[in-house]
Amino acid sequence: MHKKHWIGAKLPKKLGFILTFFSLCLLINPVFSADKGLVQSAIPVNSLVIPKPVEFALKRNGIEMDAISIAISEIKPNKNSSELLNWRGNVGMNPASTIKLLTTIIALDILGPSYRWRTDIYTDGNIQNRVLKGNLYFVGHGDPKLIPEELLRLSKMLRSAGIDKIEGNLLFDRSAYAASVFDPSTIDGESMRSYNVAPDPLLFAFRTLSFQLNPNRTGDGVDISYTPKLARFKINNALSQTNTACENWRNDLQVAFSGNQGNLPASNQKVVSWETSFTGTVPANCKGLGWNLVVSDSNAFLTLGFSAAWEAAGGSWVKPPLGKDENLPSFAKLLLQFEGTSLMEAVQDINKFSNNVMARQVFLTLALEKFGKPADTAAAEKVVQNWLKQKGLEFPELVIENGSGLSRSETISANHLNSLLILAKESSMNEAFTNSLPLAGSDGTMRHRLIAQLRQFLHLKKKPEARIKTGSLQNVRSVSGYVLSKSGKTYALTSMINSPNASRGLEAHDQLINWLFNDGPYQSDAAPEPKAAR
């Protein structure tokens with residue numbers, strides 16, 4: 001807020017006129033320095049006016065001025081940040097994936113970056129001559145990145161505990177989450193898309209099989225690789241090459257998946273096995289084509305994944321195991337407390353690559369650690385509200401559904417999301433959090449953004465940079481993060497567009513960030529209309 005300063009004493013008319021004229025000159029013209037010549041004005045532009053380059057971009061793309069909110073503050077030393085631009089900043093908007101910043105900031109503050117998720121391994125049997133005669137119980141606590149490398153490490157630890165062979169099945173305890181968390185319904189009806197995978201206390205490899213297709217050098221077929229490695233998994237490859245363009249390569253590809261279920265009764269000794277068949281054609285000039293397949297049977301997926309890891313570690317089975325849900329019995333004995341992913345690793349993946357299910361699991365972990373199991377989203381929201389209260393923050397418009405932004409109801413204002421950015425920057429989590437954000441022109445979801453704009457600063461010793469979390473849903477586009485300008489100033493920026501034309505809002509947001517690269521708040525805004533971005 002700008003305060004008005006009143007002069008109580010009257011001045012002689014002539015002197016008053018001179019001082020008034022001199023003051024106006026300082027407001028209109030740049031300040032002159034004997035050492036540096038002309039320097040930029042120290043007075044920011046009107047904080048209630050959208051920068052012209054942004055306004056032009058909005059109009060060009062059919063986005064109304066009342067469909068965007070913008071909050072910009074300069075972050076200064078000694079917690080002395082100041083608001084520079086506030087356009088509809090108090091209006092609650094759908095933030096899409098930028099709400100992940102709220103989730104990760106609060107998690108870093110409450111849990112700490114070194115927090116690690118546990119997966120506990122129990123047995124109801126005994127080890128005899130390096131053979132485990134009994135079942136293995138996997139008790140999940142929501143590790144958001146239980147991937148093949150982690151299962152291999154876990155398997156090697158079991159080998160070190162004196163086990164070479166297992167005579168038993170795999171039993172999965174998912175009681176850490178409430179039943180409501182497993183609801184498969186989605187905002188777009190695409191339950192088998194990887195971005196819609198639901199949380200799971202024993203989430204293995206994001207419940208996704210990822211295939212890579214590469215036409216071979218002989219020109220008579222296509223090589224197929226996949227991850228994660230699975231035992232008893234077969235690929236039927238009947239793909240051939242074609243000379244068509246790469247753009248629509250999926251049109252002539254057919255994929256069929258088959259396999260029995262993991263939750264078979266112990267009396268049914270049918271071994272869990274899967275296969276996937278590829279038929280059709282792939283363009284000969286297309287390399288590294290990716291095909292993701294979300295699996296519906298999480299028990300069979302984990303069974304085959306752990307079986308592959310166990311065998312890769314040198315372990316074996318008396319007979320191939322079955323896998324099913326079963327809560328841990330009171331008489332089971334602990335074999336291993338496995339420490340998996342750290343919160344810092346998870347936050348990096350969540351913010352740089354906008355991983356939805358990882359964000360949802362971090363959100364649920366807040367509830368699990370505070371209130372115990374079973375965790376649900378209502379308990380996690382309570383943790384968030386308590387944290388805000390402890391920090392002296394009131395966000396009356398805030399609505400949290402799952403903490404990932406994959407929601408039509410989640411709401412926050414640009415001002416309040418920006419206040420969280422400032423809080424993080426002025427706290428001990430600054431480095432960990434800032435480094436988790438995508439770097440424009442370099443990595444994550446900002447890898448291909450602002451490259452041309454950044455080239456204009458290649459001659460500078462200290463180059464501007466933008467660390468920005470992005471968000472997009474149908475009718476929503478958002479950005480939130482930090483911009484380091486050419487003069488060395490640091491700005492916190494949040495902007496959200498909620499409009500039927502939001503998908504065309506990228507140009508406006510890039511213009512806004514470029515404006516900050518050039519210290520726009522301290523420049524005259526009387527600039528010509530910029531050319532359309534190419």
Enquirer: Going by side-chain contact (heavy atoms from CB on, under 4.5 Å), F395 matches just one of V384, I400, L420. Which one?
Expert: L420
Enquirer: Could you report the tightest heavy-atom contact between A359 and G403, atom names first, then the distance?
Expert: CB-O, 4.0 Å
Enquirer: Side chain to side chain contact (heavy atoms under 4.5 Å, CB included) for T208 and F206? Distances and angles first, verdict last.
Expert: CA-CA 5 Å; T208 301; F206 313 116; 4.2 Å; yes
Enquirer: With a 3.5 Å distance limit and no angle check, can you tell me whether Q361 reaches the backbone of P199 through a side-chain donor-acceptor pair?
Expert: no
Enquirer: So, W317 and E311: side-chain donor and acceptor under 3.5 Å apart, yes or no?
Expert: yes
Enquirer: Less than 4.5 Å apart, side chain to side chain, heavy atoms only: is that true for K324 and L171?
Expert: yes
Enquirer: For the pair N418 (side chain) and A414 (backbone), establish whether a donor and an acceptor sit closer than 3.5 Å, ignoring hydrogens and angles.
Expert: no
Enquirer: Determine the minimum heavy-atom distance between A375 and V181, stating which atoms define it.
Expert: O-CG2, 3.6 Å
Enquirer: Please report the interatomic distance CD(E401) to CD(E381), rounded to the nearest 0.5 Å.
Expert: 10.0 Å
Enquirer: Under 3.5 Å, is there a donor-acceptor pair linking the side chains of S354 and S97?
Expert: yes
Enquirer: E426 and K79: salt bridge (charged side-chain N to carboxylate O under 4.0 Å, His left out), yes or no, with the steps?
Expert: CA-CA 6 Å; E426 295 174 344; K79 299 185 177 181; 5.6 Å; no
Enquirer: Under a 3.5 Å distance rule, please check whether D376 uses its side chain to pair with a backbone N or O of A178 as donor and acceptor.
Expert: no
Enquirer: Salt bridge check, E339 against R153: does any charged N sit closer than 4.0 Å to a carboxylate O?
Expert: no
Enquirer: May I ask you to decide if S409's main-chain N or O and T411's side chain share a donor-acceptor pair within less than 3.5 Å?
Expert: yes
Enquirer: Check the surroundings of atom CZ in R250: do more than 12 heavy atoms from other residues, nucleotides or ligands lie under 6.0 Å from it?
Expert: yes
Enquirer: Search all heavy atoms of N327 against all heavy atoms of S175 and return the closest pair with its distance.
Expert: OD1-CB, 3.9 Å
Enquirer: Does F353 reach the side chain of Q348, with side-chain heavy atoms less than 4.5 Å apart?
Expert: no
Enquirer: Does the S307 side chain pair with the main chain of L304, one donor and one acceptor, at a distance under 3.5 Å?
Expert: no
Enquirer: Any Lys/Arg nitrogen of K463 or E465 sitting under 4.0 Å from an Asp/Glu carboxylate oxygen of the other?
Expert: no
Enquirer: Under a 3.5 Å threshold, yes or no: a donor from one side chain and an acceptor from the other, between N292 and S210?
Expert: yes
Enquirer: Give the intermediate values and the outcome of side chain to side chain contact (heavy atoms under 4.5 Å, CB included) for residues M496 and V476.
Expert: CA-CA 7 Å; M496 307 175 204; V476 181; 6.0 Å; no
Enquirer: Would a 4.5 Å heavy-atom cut-off, applied to side chains only, mark H509 and R449 as touching?
Expert: yes
Enquirer: For the atom pair CD1 (I163) and CZ (R130), what is the distance rounded to the nearest 0.5 Å?
Expert: 8.5 Å
Enquirer: Looking at CZ of F301 and OG of S296, how far apart are the two atoms once the value is rounded to the nearest 0.5 Å?
Expert: 11.0 Å
Enquirer: Would the distance check show the side chain of N196 and the main-chain N or O of E190 forming a donor-acceptor pair, the cut-off being under 3.5 Å?
Expert: yes
Enquirer: Is it true that the side chains of N355 and R360 contain a donor and an acceptor less than 3.5 Å apart?
Expert: no
Enquirer: Within 45° of the ring axis of Y482 and under 6.0 Å from its six-membered ring centre, is that where the NZ or CZ of K425 lies?
Expert: yes
Enquirer: So with a 6.0 Å cut-off around NZ of K287, is the heavy-atom count from everything else above 12?
Expert: yes
Enquirer: More than 12 foreign heavy atoms under 6.0 Å from CG of N430: is that the case here?
Expert: yes
Enquirer: With a 4.5 Å heavy-atom cut-off, do T341 and R116 have their side chains touching?
Expert: no
Enquirer: Going by heavy atoms in the side chains, are L484 and P464 under 4.5 Å from each other?
Expert: no
Enquirer: Taking the cut-offs as 6.0 angstrom to the six-membered ring centre and 45 degrees off its axis, would you call K333 and Y122 a cation-pi pair?
Expert: no
Enquirer: Test side chain to side chain contact (heavy atoms under 4.5 Å, CB included) on N214 and L289 and set out the steps.
Expert: CA-CA 7 Å; N214 285 287; L289 300 174; over 6 Å; no
Enquirer: Donor-acceptor pair, distance only, cut-off 3.5 Å: does the side chain of D252 make one with the backbone of T281?
Expert: no
Enquirer: May I ask you to decide whether D109 forms a salt bridge with K391, counting only side-chain N to carboxylate O separations under 4.0 Å?
Expert: yes
Enquirer: Please say whether more than 12 non-hydrogen atoms of neighbouring residues, nucleotides or ligands are located less than 6.0 Å from CG in N129.
Expert: no
Enquirer: W117 and T365: side-chain donor and acceptor closer than 3.5 Å?
Expert: yes
Enquirer: Between F306 and F204, is the gap from one ring center to the other below 6.0 Å?
Expert: no
Enquirer: Can you name the nearest heavy-atom pair linking R174 to D325, along with the distance?
Expert: NH1-OD1, 2.7 Å
Enquirer: Check the pair L253, L239 against side chain to side chain contact (heavy atoms under 4.5 Å, CB included), reporting the backbone distance first and the verdict last.
Expert: CA-CA 8 Å; L253 178 68; L239 292 176; 3.2 Å; yes
Enquirer: Under 3.5 Å, is there a donor-acceptor pair between the side chain of R159 and the main chain of A313?
Expert: yes
Enquirer: Does the side chain of M358 come within less than 4.5 Å of V347's, by heavy atoms?
Expert: no
Enquirer: Looking only at heavy atoms, what is the nearest atom pair of I105 and M429, with distance?
Expert: O-CE, 3.6 Å
Enquirer: Can a side-chain donor-acceptor contact be found between T98 and S480 if the only test is distance below 3.5 angstrom?
Expert: no
Enquirer: Measuring from atom CG of L421 to atom CG of L437, what distance do you get when rounded to the nearest 0.5 angstrom?
Expert: 7.5 Å
Enquirer: Just verifying a value: how many Å separate K156 NZ and L154 CG, rounded to the nearest 0.5 Å?
Expert: 12.0 Å
Enquirer: Just by distance, with hydrogens left out, do N236 and E275 show a side-chain donor and acceptor under 3.5 Å apart?
Expert: yes
Enquirer: Using 30° and 60° as the class limits, which term best fits the ring planes of F233 and F211: parallel, tilted or perpendicular?
Expert: tilted
Enquirer: Grab the two heavy atoms, one from T303 and one from P321, that are nearest each other, plus how far apart they are.
Expert: CG2-O, 3.8 Å
Enquirer: Donor-acceptor check, side chain of R118 to backbone of Q337, threshold 3.5 angstrom: yes or no?
Expert: no
Enquirer: We want to know whether N135 and E326 form a side-chain donor-acceptor pair, criterion being a heavy-atom distance below 3.5 angstrom.
Expert: no
Enquirer: Before accepting this row, confirm whether a basic side-chain N of the pair D200/R207 lies closer than 4.0 Å to the acidic partner's carboxylate O.
Expert: no
Enquirer: Would you please say whether a donor-acceptor pair under 3.5 Å links the side chains of K100 and T103?
Expert: no
Enquirer: Please tell me if the side chains of F363 and V383 come closer than 4.5 Å, counting only heavy atoms from C-beta onward.
Expert: no
Enquirer: Hey, does T279 have a side-chain heavy atom less than 4.5 Å from the side chain of N237?
Expert: no
Enquirer: Output the distance between atom CD1 (I468) and atom CG (L493), rounded to the nearest 0.5 Å.
Expert: 5.0 Å
Enquirer: For V479, does its backbone N or O pair with a side-chain atom of T470 as donor and acceptor, under 3.5 Å?
Expert: no
Enquirer: Do F172 and Y137 have their ring centres less than 6.0 Å from each other?
Expert: no
